[in-house]
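These numbers were taken from a predicted model, which means no experiment stands behind them. Below, chains carry the letters A, B, ... as their sequence lines are ordered, and counting in each starts from 1.
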There are 2 protein chains.
Amino acid sequence: MKGIRRLAEHLNISIGTVSRALNGRPDVNEATRRRVLDAATELGYVPNQAGRTLRQGTTNAVGFMMESGADTSGNPDNFFFGVFDGVQAVLSRHQLDLVVLPCATDEDPTEYLRRMIARRLVDALIISATHRKDPRVELLNKAHVPFIALGRTGTPSDHPWIDLDFEGVANRAVDRLVAKGHRSIAVAVPSSDINLGVIFLQAYKDALARHGIAFEQSLVIYTSSSEQGGYQAAHQLISMAQRPTAILLVYELMAIGFYRGLRDAGLNPGQDVAVIAFRESPLSRFLSPALTCFRLSLRDVGIALGESLLASMPAYADIYPQGIVHRVWPMELVEGDSDNARNG
Amino acid sequence: MKGIRRLAEHLNISIGTVSRALNGRPDVNEATRRRVLDAATELGYVPNQAGRTLRQGTTNAVGFMMESGADTSGNPDNFFFGVFDGVQAVLSRHQLDLVVLPCATDEDPTEYLRRMIARRLVDALIISATHRKDPRVELLNKAHVPFIALGRTGTPSDHPWIDLDFEGVANRAVDRLVAKGHRSIAVAVPSSDINLGVIFLQAYKDALARHGIAFEQSLVIYTSSSEQGGYQAAHQLISMAQRPTAILLVYELMAIGFYRGLRDAGLNPGQDVAVIAFRESPLSRFLSPALTCFRLSLRDVGIALGESLLASMPAYADIYPQGIVHRVWPMELVEGDSDNARNG
DNA sequence: GAGAATTGCGTAAACGTTTTCGGAAGCCTC
DNA sequence: GAGGCTTCCGAAAACGTTTACGCAATTCTC
């Protein structure tokens with residue numbers, strides 16, 4: 001005899017009552033509930049998830065899909081782990097657990113997602129590393145799996161999302177640089193279709209336009225979002241006929257390579273080329289010169305993601321009546337020394 | 001009508017046969033199997049995992065538990081993702097999926113693990129960030145959940161594990177430094193009970209002893225495994241009465257802070273203080289001076305973890321007949337410029 | 001060509017829960 | 001004290017699979 005039956009037998013009571021007691025149903029005597037609860041901890045009984053899932057059609061878990069090989073992996077760990085922490089803080093309020101689903105580098109993300117959906121491991125999903133054209137959205141919509149995207153897509157009205165304010169970042173970065181006399185500003189973005197890059201690039205163009213600076217395609221450096229990518233960006237920048245006096249980097253890790261690339265050529269980051277990077281991380285202030293960049297609370301993003309996801313799950317929609325969330329997450333400028341020097 | 005019943009009805013066949021066909025049982029006509037398989041893809045049928053789990057007692061998933069807040073999170077991302085990739089490569093051969101279980105920073109890891117075990121979300125587990133005294137081992141043993149640890153514990157014979165060769169690292173690092181004339185070598189380790197720190201420290205002591213150098217407690221700097229920790233280590237080192245001429249760092253991220261701390265005090269890393277760090281990452285070669293450190297293939301570690309884990313699962317033990325694995329993973333020295341200068 | 005072995009399939013039980021339904025007992029109301 | 005309400009609980013069905021068992025039809029064996 002195992003499971004709930006064992007508990008019921010031990011108490012001389014029916015399994016139905018045990019279940020009701022455990023699940024906090026109102027129609028059970030408080031005295032019996034006590035006995036059941038006590039016996040449960042005594043015998044170490046925990047309901048079998050497969051049984052519940054089968055009966056209720058719900059797993060009490062939500063998934064966070066990430067692509068280990070994606071361009072976004074230029075993020076230090078702490079990025080995603082910070083977000084996880086916030087998500088969990090919300091989910092745990094409702095006895096929900098977070099499971100992370102890492103898509104292997106050699107597997108197609110859409111196929112992977114399809115498998116995970118079919119598996120019914122989770123009730124809802126968070127997807128990250130969105131692309132402008134992201135077939136996962138249609139897939140999730142079609143399967144009626146509640147989800148939210150960390151990152152916009154080309155069709156932002158089709159689904160809930162929370163995304164960082166790349167426009168604000170690009171705007172303020174360009175404003176700052178222009179105010180210091182820079183007119184020739186390069187930008188380094190990932191080469192793929194990934195959302196971040198596309199949005200950032202467009203915002204950069206718009207910001208230049210606001211200042212009456214002509215956009216030049218040659219100042220856009222497509223590279224990988226890693227230290228290596230930053231290094232290559234430096235090389236590319238140095239070899240330009242008219243060397244730009246400033247650069248925007250989308251990942252802070254790129255700054256490490258970029259600094260090194262500049263120094264190897266006898267140039268000084270912050271002095272000869274002003275640098276502004278996108279996300280603040282512990283790195284930023286320990287680089288020399290300290291990196292000017294933009295800060296956000298990862299945990300808060302996680303919390304927002306969690307709450308917005310619950311809002312799109314029928315079972316919780318009344319507790320989180322936010323409807324479909326489309327939200328641009330503001331970021332705060334962190335002044336470093338990497339863009340201090342005036343130009344001209 | 002849903003699920004397997006729908007498929008069976010559509011084919012005018014019993015659900016038993018459908019199931020057998022799908023699961024590759026021998027006692028089904030090849031022609032029928034074809035029909036079933038075709039119909040399955042046509043109707044997009046995928047067996048409900050809860051149903052199978054309930055019946056078979058197996059989930060076809062293995063979990064990887066990590067603590068987001070642990071000292072080990074000073075790793076740039078690629079560490080765990082690299083490992084995941086290897087694990088998945090093995091698991092996918094057997095239709096197993098990997099799910100990552102992130103323990104929130106404010107939750108007790110052992111309690112978290114207990115919950116995950118009770119939930120029966122996975123058939124087997126990989127745990128990381130082991131401590132010298134790690135109650136999770138006993139918990140897993142008692143629950144009869146197959147598992148493997150990435151990292152030793154104080155009772156290494158009680159469970160399968162794969163760990164990095166910290167002894168080799170400490171040995172070779174000290175050998176190198178001594179060969180260049182260093183006699184006063186500091187070491188920076190995390191302050192907690194975490195396995196890595198304890199083993200590394202012991203190996204450092206042993207190495208010193210081999211060279212007839214007296215161990216001095218004052219040269220051990222306990223700090224957090226982050227850039228910040230490295231910065232503090234630098235400060236601490238500088239303020240020593242007799243400043244050491246070399247230092248061993250357990251995490252490469254610490255090097256960034258350490259470099260900065262030295263420079264802020266007018267000292268040159270690599271010149272005034274030789275630095276050797278533990279794990280190579282893309283960072284290492286882009287720092288100035290490039291970091292001398294130790295390399296390993298994360299993917300290969302993941303593969304080994306996956307195979308050894310399967311070896312401890314009854315259902316796969318015959319395919320991976322390795323028994324209980326205790327394995328120290330070798331690492332390769334990567335020469336940088338951070339320990340070049342001779343001393344004395 | 002009779003008996004034995006093999007092949008292929010249908011039937012039904014089982015996995016561990018939750019939940020609907022109904023009913024027994026107790027309480028209230030007048 | 002009869003009837004209605006409430007409170008509490010047991011019985012049993014249902015969720016979607018897999019698999020043990022048994023049986024019919026076919027093939028093999030001599």
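A:His94 and A:Tyr320 have their aromatic ring centers within a separation under 6.0 angstrom.
In this structure, A:Ile15 places its CD1 atom 9 Å from P of C:dT18, rounding to the nearest Å. Per the geometry, CD belonging to B:Gln49 stands 11 Å off C1' belonging to D:dG16, to the nearest Å. One atom, CE of B:Met1, and another, P of D:dT17, lie 12 Å apart when rounded to the nearest Å. Rounding to whole angstrom units, CD1 of residue A:Ile13 and C1' of D:dG10 are separated by 10 Å. Distance CZ (B:Arg6) to P (D:dC15): 16 Å, rounded to an integer number of Å. Atom CG in A:Asn60 sits roughly 12 Å away from atom C1' in C:dT17 (whole-Å rounding). Following rounding to the nearest Å, B:Leu22 (CG) and C:dC9 (P) show an atom-to-atom distance of 14 Å. Rounded to an integer number of Å, the gap from CZ of B:Arg5 to P of D:dA14 is 11 Å.
Put simply, the side chain of B:Glu307 reaches to within 4.5 Å of the side chain of B:Gln322, judged on heavy atoms. By the 4.5 Å heavy-atom criterion applied to side chains, B:Leu298 and B:Phe81 are not counted as neighbours.
Heavy atoms of A:Asn48 sit under 4.0 angstrom from primed sugar atoms or phosphate atoms, though from no base atom. Backbone-only contact: A:Arg25 has heavy atoms under 4.0 Å from sugar-phosphate atoms and none from a base. Counting non-hydrogen atoms under 4.0 angstrom, B:Gly3 reaches the backbone sugars and phosphates but no base. Residue-level contact check: B:Thr32 touches the backbone only, with heavy atoms under 4.0 Å from sugar-phosphate atoms and none from bases.
A donor-acceptor pair under 3.5 Å links the side-chain atoms of B:Tyr112 to the main chain of B:Pro102, judged by distance alone.
Of the side-chain N and O atoms in B:Arg55, none sit less than 4.0 angstrom from OP1 or OP2 of D:dG16. An OP1 or OP2 oxygen of D:dT18 is reached within less than 4.0 angstrom by a side-chain nitrogen or oxygen of B:Ser19. At C:dC15, none of the side-chain N or O atoms of B:Gln56 fall inside 4.0 Å of OP1 or OP2 (strictly under the cut-off).
Distance from the side chain of B:Asn29 is smallest to C:dG8 among C:dT19, D:dC9, C:dG8. For B:Arg20, counting side-chain heavy atoms from C-beta on, the closest listed nucleotide (C:dT11, C:dT18, D:dT17) is C:dT11. Of the candidate nucleotides D:dT18, D:dG10, C:dG10, D:dG10 has the atom lying nearest to any side-chain atom of A:Ser14.
Each of A:Asn23 and A:Asp27 was matched to the nucleotide of DNA chain C holding its nearest heavy atom; the match closer to the 5' end belongs to A:Asn23.
By the 30° and 60° cut-offs, the orientation of the rings of B:Trp161 relative to B:His326 is parallel.
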